[in-house]
Undergrad: 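Attaching a single structure in structure tokens format; questions to follow.
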2 protein chains.
Amino acid sequence: MSGQERRERERAIREQLIVTVARELAEAEGWEAVTTRRLAERVEYSQPVLYSHFKNKDAIMAAVAVEGFAELAAQMRRARATAEDPRQAIAEAYLAFAAARPALYDAMFSQAVSLPFATPEAPAALHAGFDELRVVVRPVPAGVDEGLLTEVLWAGLHGLVTLTRGGRLPAGEQERRLALLLSLLP
Amino acid sequence: MSGQERRERERAIREQLIVTVARELAEAEGWEAVTTRRLAERVEYSQPVLYSHFKNKDAIMAAVAVEGFAELAAQMRRARATAEDPRQAIAEAYLAFAAARPALYDAMFSQAVSLPFATPEAPAALHAGFDELRVVVRPVPAGVDEGLLTEVLWAGLHGLVTLTRGGRLPAGEQERRLALLLSLLP
DNA sequence: CAGACTTGCTAGCGGTGCTAGGATCGGGGC
DNA sequence: GCCCCGATCCTAGCACCGCTAGCAAGTCTG
């Protein structure tokens, strides 16, 4: 049945289109501007079509987040490969990603999105990103758990991102905060 | 004009009632359950009355957040006074507050609420809380900015709170993460 | 007691996420 | 070639949201 195959292919293309448009809309105007009506209008289908691809709006955001994990991991990997101080470069890449793509970062780490995270079923890109952060904390002294230290580093970076974006911390001086954070690592 | 005074007093009481009920509702069912309709119903007035006290729903959340700042500061102060290891006790109190009152914590640090934060006009209780965190990082070695170090500590704690609550970090082991974070301080 | 002002209500606007039910279109069996 | 059946997609609508206009009471002032 080549007709069936073709339809499945077209369906996959349309699903990708929905995710892409949702992401563009979110990055351009923030997630509060991403309504199912506007999204449907931009993909040139009616609202119910969205629900034939995704269970609900959260699932669309989750799909966008998965894309984000891959890009964040790639960005950190690139930074590690090209910089002379890989540790600082990776951490800087993390903050730069969050600053450049706030909506994407929110979908990944702030919003309620229901995705498996701290389990083996988590998206592979998420594990890849976490592994990049492992590089930052190395070498780990004896007696310190590398995974735990990576989590604490991640928390520090994430805290800097969210407190700054929410206006809780003044926007300047972020480089100094990052330098101080990195200098604390054993 | 004692009538006028009485009315102003009653108005203030009603305003406090709105804040209290909003907070109770949020703590019981989360902020997404705090709608102006339900809030109005619980304070036994109509919706528009809310808007004669507050500019919008965000302002109500901000008022709740201000209460939270005071309580968090008080909780950390109490922990410092009674514990034998004040540094750890203060940090533990921070995490305990966030775990015990997630909705309150969200209003204070996660939601969009428009409050002055990193300025002298910020609520006094916020400064008090920040000063408690200063105690945690002391004594600060020469050459390190105490304020900056406190911000980094705060970011670490806040990151732990939000990543854990969002399911990004496994819920257990929080004590070990905290111990590790504190051990990193100079 | 009359008028002005305050207070709080009902009703409604434009939006949200999501879904029921019907029209339309394509492929397969007779 | 025709008909039917299932997939596909849309219109219309539900229940809810934050917020506000405009009116009906109640309260104070002259």
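Every chain is numbered from 1, with letters handed out A, B, ... down the list of sequences.
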Undergrad: Mind checking if A:Arg14 touches a base, just sugar-phosphate, or nothing, with heavy atoms under 4.0 Å?
TA: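 Here A:Arg14 touches the backbone only, sparing every base.
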Undergrad: Within a radius of less than 6.0 Å around CD of B:Glu10, do more than 12 heavy atoms belonging to other residues, nucleotides or ligands occur?
TA: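 Count over threshold, so yes.
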Undergrad: Do the side chain of B:Gln47 and the base of D:dC19 come within less than 3.5 angstrom through a donor-acceptor pair of N or O atoms?
TA: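 Yes, a donor-acceptor pair under 3.5 Å.
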Undergrad: I need the residues from residues 21-35 of chain A with at least one non-hydrogen atom less than 4.0 Å from DNA chain C; give them sorted by number, or say none.
TA: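 Those residues are A:Val34, A:Thr35.
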Undergrad: Below 4.0 angstrom, N of the basic side chain to O of the carboxylate: do B:Arg177 and B:Glu173 qualify?
TA: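 Between B:Glu173 and B:Arg177 there is no salt bridge, as every charged N stays at least 4.0 Å from the carboxylate O atoms.
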Undergrad: Heavy-atom contacts under 4.0 Å between residues 48-57 of chain B and DNA chain C, which residues?
TA: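 Close to the strand are B:Pro48, B:Val49.
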Undergrad: To the nearest angstrom, how far is A:Met61 atom CE from C:dT16 atom C1'?
TA: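 The distance from CE of A:Met61 to C1' of C:dT16 comes to 15 Å, rounded to the nearest Å.
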Undergrad: May I ask you to verify if any side-chain N or O of B:Thr36 is less than 4.0 angstrom from the OP1 or OP2 atom of D:dC19?
TA: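 Checking D:dC19 against B:Thr36, no side-chain N or O comes under 4.0 Å of OP1 or OP2.
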Undergrad: Donor-acceptor pair, distance only, cut-off 3.5 Å: does the side chain of A:Arg176 make one with the backbone of A:Gln174?
TA: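 Checking the backbone N and O of A:Gln174 against the side chain of A:Arg176, no donor-acceptor pair under 3.5 Å is found.
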Undergrad: Find the distance A:Gln111:CD to C:dG17:P and express it as a whole number of Å.
TA: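 Going from CD in A:Gln111 over to P in C:dG17 covers 13 Å.
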Undergrad: Compute whether any side-chain donor of one residue and acceptor of the other, for A:Gln16 and A:Glu67, lie under 3.5 angstrom apart.
TA: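 Note: A:Gln16 and A:Glu67 side chains meet the donor-acceptor criterion.
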Undergrad: Rounded to the Å, how far apart are B:Glu41 CD and C:dG8 P?
TA: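 Spelled out: CD on B:Glu41 to P on C:dG8 is 18 Å.
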Undergrad: Counting only side-chain N and O atoms of A:Arg37, is one of them less than 4.0 Å from OP1 or OP2 of C:dG17?
TA: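 So the side-chain polar atoms of A:Arg37 never come under 4.0 Å of the phosphate oxygens OP1 or OP2 of C:dG17.
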Undergrad: Figure out the CD/P separation between A:Glu10 and C:dG26, and round it to whole Å.
TA: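 So the two atoms are 12 Å apart, to the nearest Å.
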Undergrad: Mind calculating the distance between CD (B:Glu44) and C1' (C:dC9) to the nearest angstrom?
TA: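 So the CD-C1' distance, B:Glu44 to C:dC9, works out to 15 Å.
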Undergrad: Take atom CG of A:Asp58 and atom C1' of C:dC18, then tell me their distance rounded to the nearest Å.
TA: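 One finds 13 Å between C1' of C:dC18 and CG of A:Asp58, rounded.
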Undergrad: Both conditions, 6.0 Å and 45 degrees, for the charged tip of A:Arg14 above the ring of A:Tyr45: are they met here?
TA: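 Verdict for A:Tyr45: a cation-pi partner in A:Arg14.
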Undergrad: Output the rounded distance in Å from CZ (B:Arg38) to P (D:dC19).
TA: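 For the pair B:Arg38 CZ and D:dC19 P, the rounded distance is 17 Å.
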Undergrad: One thing to verify: whether A:Arg42 and A:Glu29 come together as a salt bridge, which I'm taking to mean a side-chain N less than 4.0 angstrom from a carboxylate O.
TA: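 Yes.
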Undergrad: Ignoring hydrogens and geometry, is there a side-chain-to-backbone donor-acceptor pair from B:Trp154 to B:Phe130 under 3.5 Å?
TA: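 Checked: no pair found.
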Undergrad: Could you tell me the separation between the OH atom of B:Tyr45 and the C1' atom of D:dG26, rounded to a whole number of Å?
TA: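 Checked: the OH to C1' distance equals 14 Å.
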Undergrad: Just by modelled atom types, is the B:Ile60 backbone N or O under 3.5 Å from a matching donor or acceptor in the B:Lys55 side chain?
TA: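 Such a contact is absent between B:Lys55 side chain and B:Ile60 backbone.
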Undergrad: Would you call A:Glu132 and A:Arg78 a salt bridge, using N to O less than 4.0 angstrom?
TA: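 A:Arg78 and A:Glu132: not salt-bridged.
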